[in-house]
Amino acid sequence: MEDKVRIEKDVEVSRRSILRTSALVGAGIGAAQIFGTTPVAALGGTTNATLDKAIKEIVKGKTIKVGFTPPVLSENFTQIESAAWRKMAEFEKRFGVKWVWERQAPVGDFNAVQGTLGIVQSWISRKFDAIAVCTGANFATVQDLYKTANSKGLKVFQFNQPAELYPEDQLQTVANIGYDNRWQSGYLAGKYVAKTLGGKGNILQIWGPSGSDWTRGRRIGFDKALKEHPGIKVLGEADGGYVRDKGFTAAQDLLTKYPNVNAIYGENEEMALGASQAIDAAGLKHWNGKTGIVTIGADGLVSGFKAIAAGKLTATVDIGGIDQGQNLIEAIFADVALGQTLTQIINNPTQVVDKTNYKWHQAYAEWALATPRKYGK
Amino acid sequence: MALNYTKISKNTSLQNRIVQDPSFGIIALLLFAIILMTILEPSFATSGNVTNIVNAMMTVSFLALGMTIVLIAGGLDLSVGSTMAVTAGVAGKFISYGIDMKVAFICALAIGTGIGVINGLLVTKLGIPDFIATLAMLGIGQGVILLWTQGVPILDYMNETYYYIGGLKKIVGPISIPMIVVVVVSIALAIILKRTKFGLNLYAVGSSPFSARNSGVNVDLIKISAYAISGFLAAIAGIHIAGRTTTIPPLIGKGYEISAIAAAVIGGASLLGGKGRVIGALIGALTLTLTRNIINLVGIESSWQAIVTGSVLVGAVLANRASGEFGKKLNRRIRT
């Protein structure tokens, strides 16, 4: 029975991988440079014995030591890591590469940047092959640290980082695996709200902490969507600190002042879910396709998809955490094992997920979380 | 004539008592803010907003009450946020395993109290400074919840009863279970502090542990008990917040220790020990919650929010100090 389930899941994954590759190539964005021009492009569920053998000969059973440091341990980063493990297990089987994986996250919140710097420094001194970083640390500070890492032969990759906000020529990384927070998240959310409300309505916004690069990027995108739809008015905004209880309290306060809103944008899913609770607590109605309050977040978490299914969250922007995890490993493998040159910005597809399409997004995330092998345990 | 003198004397005494009250300054500041907001912001003095404020201050109230007890005894508990997170996790996870809700809550309360006892033992028996011992416990608590959950929030534990416990559903009108629990706990603590030997000993230990020991007070037991109460109340906060947020992210308790300390200090508790009141802790929690509520209603940009909150904290402490000094001067004038 278990085998049957596994086979079904693997089939689903192969189908998804093909979808993912075609979407990337179709979009003509950075990721296509990995999938479209290297042997790793063949990962799209179509294994090729000759190709695998040829890569195996290059890899020669090499061990790649990777350090993975998210800014916090959360559902989003757990999904990214699980997706990375999936890809690592696949490449280990196909190409004979061995992985040593170490995950360390600073204890604290997104602002616990000193912790991240310390972790990266320790990996530099321990001579890791590749470091995967996502941090809320100051751009210049981390670039200096990456420069040190580069001088010692370490390869630095960033993931889920708003690299698009900084000059590309100043990046000291091999590649940045993620998405564009402006046009692939904030803008999409703004457009969705405008479209759902027919271009006219009042909205509230719950943002992450001031100074966060994610907030900055998504705000640029959302503002652009608002400019394109002048009928959408922002009545109020508040800081929800990226967490549910603060998002809940902030939305409650704003709903007291503006009970007649048509939509609430939570910059991340946790805050959007907090806003959803505030709607319930205020005795207001969720969007039912015609009336009620539209709530939209961003992340693409299993808990968010479940909330969409339950009608508690109208939509979310799936920022492609699973693709990020997979792309990260493909990028590390392409550079460290095959010696290929990558583009700096490797963006995965993102999508607004609502009741019409949440099922496959949820299945994809759950597939990643059910990884058959966990590294670094 | 004699009658008039007595009347004046009584009035002066009452006036003096009000002004000399340790929380007079912050109460005056709160009243000023409330009046100002009522005039400027029509949505402020509505029943909906008042209910929101009261519900939002519940978590910090529990923690601030526990922190006040520890501060009175001359200690400091930095672990309340992580204790709250761990106990929220225990309650949520146990219920999701199908364990009876009451058993889950008892386990959470026992673990919270146990963490408090360990804090107390580290401080009294091993001589580790309060700051270090509870800081270590904060780290251990955060580590435990992160290892346990692997960063994935705890879900699927909510049931109808838990919506009431979290205050998301009200029992009568705007009254919720957490409100009743806060009132009951506050009355119980106020009685303990004012009417029991244990309460007097808490103040004595916090004011001067040396003198208290010489007077035959078991200082270690008093301190351990204070930390145990703090852990117990952090567990109540954990059970409550799990119901309020309907999901338990691993970082759920992050930063709450600072809010608890701030609320207790705003309420007149001293970091040097020997001072603190139950009503003060509640006023402190209200001050923090009200500040956030006003910030959101007025629409102060998020960059300014930390500055405003910090300024309110300093202003509140200064207002309390000023009212204390004013009261002393008034007292001297009456005597002369």
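Sequence lines set the chain letters: A, B, ... in the order given, protein chains first and strands last, and positions in each chain run from 1. Just so we're clear, the structure is a prediction, and the values are computed from it rather than from any experiment.
Note that CD of A:Glu75 and CD1 of B:Ile154 are 12.0 Å apart. Values are rounded to the nearest 0.5 Å. B:Ile53 CD1 to A:Thr249 OG1: the interatomic distance, rounded to the nearest 0.5 Å, is 11.0 Å. We find the CD1-CG distance between B:Ile300 and A:Asp239 to be 12.0 Å, quoted to the nearest 0.5 Å. Rounded to the nearest 0.5 angstrom, A:Gln252 CD and B:Asn293 CG are separated by 9.5 Å. A distance of 10.0 Å separates CG of B:Leu146 from OG of A:Ser74, quoted to the nearest 0.5 Å. In this structure, A:Arg244 CZ and B:Ile241 CD1 are separated by 11.5 Å, a value rounded to the nearest 0.5 Å.
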Could you check A:Tyr258 against B:Leu297 for side-chain contact (heavy atoms from CB on, under 4.5 Å), going step by step and ending with a plain yes or no?
-> CA-CA 9 Å; A:Tyr258 309 107; B:Leu297 289 184; over 6 Å; no

Start with the C-alpha gap between B:Tyr256 and A:Asp245, add the side-chain angles, then the distance that decides, and say whether side-chain contact (heavy atoms from CB on, under 4.5 Å) holds.
-> CA-CA 12 Å; B:Tyr256 271 95; A:Asp245 58 333; 2.5 Å; yes

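When heavy atoms are compared at a cutoff of 4.5 Å, B:Ile295 does not approach chain A at all. With a 4.5 angstrom heavy-atom cutoff, B:Thr245 touches chain A via backbone and side-chain atoms both. Proximity to chain A (any heavy atom under 4.5 Å) is restricted, for B:Asp156, to the side chain, taken from C-beta onward. There is no contact between B:Thr59 and chain A, counting heavy-atom distances below 4.5 Å.
Side-chain contact check for B:Leu168 versus A:Phe248: some heavy-atom pair is nearer than 4.5 Å.
Put simply, the side chain of A:Lys257 never gets that close to the backbone of B:Ser43: no donor and acceptor are under 3.5 Å apart. Judged purely by atom type and a 3.5 angstrom limit, A:Gln277 uses its side chain to pair as donor or acceptor with the backbone of B:Arg244. Checked by atom type and distance alone, the side chain of B:Asn296 never pairs as donor or acceptor with a backbone atom of A:Leu254 at under 3.5 Å.
A side-chain donor from one of A:Thr256 and B:Asn52 sits under 3.5 Å from a side-chain acceptor of the other.
Per-residue heavy-atom pair counts under 4.5 Å with chain A were compared for B:Thr246, B:Ile294, B:Thr51, B:Thr149, and the maximum is reached by B:Thr246.
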